[in-house]
Colleague: 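Okay, handing you the structure first.
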Amino acid sequence: MSGINGYIGSREPVVLYCEKEYDLLPGQRYGPITRKVYIVECCVEGYGSVIINGREFPVSPGDCYVLLPGDTVIHTADKKEPRKGFWCAIDGLNLGLIFREAGIFSHSPFAPKELFDELCSCVKKMVDIRRCDDGGKSLRETACIYDLLGVLMKNRK
């Protein structure tokens, strides 16, 4: 199966797409959009917001948040300092349960700030691996997803 839709609902988590930086221009809005996959975003500089199901959340450096499948999302960029960072789209059957156990919900999408460096490192690694073309690529991507989820679970009591 090829393409994003071929992987939706996969038993093992898979990386579907990754990017180094957001492509919003100063003051630009993107959306509304509703996705069928999970999006993990890490803001490393600049400002903006993400509006999830009509609720606005400011985004600033050091923020990592998860957009859930089915949420209606609008991205905005600051007029002077648009946000930049890393993001990836992932999917897998048990991801929803893991995100819930880690305290990630539509009304509470942000990971704790103290986990930012580790989470951002996981997403950066996925971006780098995504650009490779070798036999071990999918295994390394899956390992990165599990690493990211393990970091998020540090927040679990």
Colleague: What distance do Met126 atom CE and Thr142 atom OG1 have between them, rounded to the nearest 0.5 Å?
Modeller: 10.0 Å
Colleague: Once rounded to the nearest 0.5 Å, what's the spacing between atom NZ of Lys84 and atom CG of Leu24?
Modeller: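 If I round to the nearest 0.5 Å, the distance is 11.5 Å.
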Colleague: Counting N and O atoms only, with roles assigned by atom type, does the side chain of Arg29 sit under 3.5 Å from a partner on the main chain of His75, one being a donor and the other an acceptor?
Modeller: no
Colleague: Quick check for you: to the nearest 0.5 Å, what is the distance between Leu119 atom CG and Glu114 atom CD?
Modeller: 10.0 Å
Colleague: Please assess Val40 against Cys64 for the test side-chain contact (heavy atoms from CB on, under 4.5 Å), listing each intermediate value before the final yes or no.
Modeller: CA-CA 7 Å; Val40 180; Cys64 181; 4.0 Å; yes
Colleague: Any side-chain heavy atom of Cys144 sitting closer than 4.5 Å to one from Ile129?
Modeller: yes
Colleague: Please answer whether the main-chain N or O of Thr76 pairs with a side-chain N or O of Arg83 as donor and acceptor at a distance below 3.5 Å.
Modeller: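 Yes, Arg83 side chain to Thr76 backbone: donor-acceptor pair under 3.5 Å.
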Colleague: If I compare all heavy atoms of Tyr38 with all of Gly92, which pair ends up nearest, and what's the gap?
Modeller: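 Of all heavy-atom pairs spanning Tyr38 and Gly92, the closest is CE1-O, 4.4 Å.
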Colleague: Which pair of heavy atoms, one from Ile52 and one from Ser106, lies closest together, and at what distance?
Modeller: CG2-O, 3.9 Å
Colleague: Enter the distance from Glu81:CD to Tyr47:OH here, rounded to the nearest 0.5 Å.
Modeller: 5.5 Å
Colleague: Same hydrophobic cluster for Leu115 and Met153, using side-chain heavy-atom links shorter than 4.5 Å among ILVMFWY?
Modeller: yes
Colleague: Are side-chain heavy atoms of Pro61 and Val44 found at a separation under 4.5 Å?
Modeller: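 Not touching, per the 4.5 Å side-chain cut-off.
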Colleague: Rounded at 0.5 Å granularity, tell me how far CD1 in Ile145 sits from SG in Cys122.
Modeller: 10.5 Å
Colleague: Is the backbone of Gly136 close enough, under 3.5 Å, to the side chain of Asp134 for a donor and an acceptor to pair up by distance?
Modeller: yes
Colleague: To check you understand the geometry: which heavy-atom pair defines the closest contact between Phe86 and Cys120, and what is its length?
Modeller: CD1-SG, 3.9 Å
Colleague: What is the minimum heavy-atom distance between Phe110 and Pro58, and which atoms define it?
Modeller: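 Answer, listing the atom of Phe110 first, then Pro58: CZ-O, 3.6 Å.
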Colleague: Are side-chain heavy atoms of Lys137 and Asp133 found at a separation under 4.5 Å?
Modeller: no
Colleague: Among Ile104, Leu149, Leu152, find the residue that satisfies the side-chain contact (heavy atoms from CB on, under 4.5 Å) test when tested with Ile98.
Modeller: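 Running side-chain contact (heavy atoms from CB on, under 4.5 Å) over Ile104, Leu149, Leu152 with Ile98 returns exactly one hit, Leu149.
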Colleague: Report the distance from atom CG of Asn94 to atom CZ of Phe99, rounding to the nearest 0.5 Å.
Modeller: 11.5 Å
Colleague: Shortest non-hydrogen contact from Tyr30 to Arg35?
Modeller: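 Answer, listing the atom of Tyr30 first, then Arg35: CE2-NH2, 3.9 Å.
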Colleague: With a 4.5 Å heavy-atom cut-off, do Val50 and Ile74 have their side chains touching?
Modeller: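 The answer is no, as the side chains (C-beta and beyond) never meet within the 4.5 Å cut-off.
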Colleague: Tyr65 and Glu41: side-chain donor and acceptor closer than 3.5 Å?
Modeller: yes
Colleague: Give me the atom names and distance for the closest heavy-atom approach of Cys42 to Val123.
Modeller: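 Looking at all heavy atoms of both residues, the shortest contact is SG-CG2, 3.9 Å.
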Colleague: Going by the side-chain contact (heavy atoms from CB on, under 4.5 Å) test, name the single residue among Leu95, Ile39, Val37 that passes it with Ile90.
Modeller: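 With Ile90 as partner, side-chain contact (heavy atoms from CB on, under 4.5 Å) holds for just one option, Leu95.
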Colleague: Does Lys113 form a salt bridge (charged side-chain N to carboxylate O under 4.0 Å, His left out) with Asp63? I'd like the steps, not just the answer.
Modeller: CA-CA 6 Å; Lys113 288 257 192 193; Asp63 284 338; 2.7 Å; yes
Colleague: Just checking Lys79: does its NZ atom have more than 12 heavy atoms from other residues, nucleotides or ligands closer to it than 6.0 angstrom?
Modeller: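 Atom NZ in Lys79 is not crowded, with 12 or fewer foreign heavy atoms closer than 6.0 Å.
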Colleague: Using side-chain heavy atoms (C-beta onward) and a distance below 4.5 Å, is Arg140 in contact with Lys125?
Modeller: no
Colleague: Would you say Thr72's side chain and Thr34's backbone share a donor-acceptor pair under 3.5 angstrom?
Modeller: no
Colleague: Quick check on the hydrophobic clustering: are Val66 and Phe116 connected, directly or via other members, by side-chain heavy-atom contacts under 4.5 Å?
Modeller: yes
Colleague: With a cut-off of 6.0 Å (strictly less than), are more than 12 heavy atoms of other residues, nucleotides or ligands near CZ of Phe57?
Modeller: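 Atom CZ in Phe57 is packed in, count exceeds 12.
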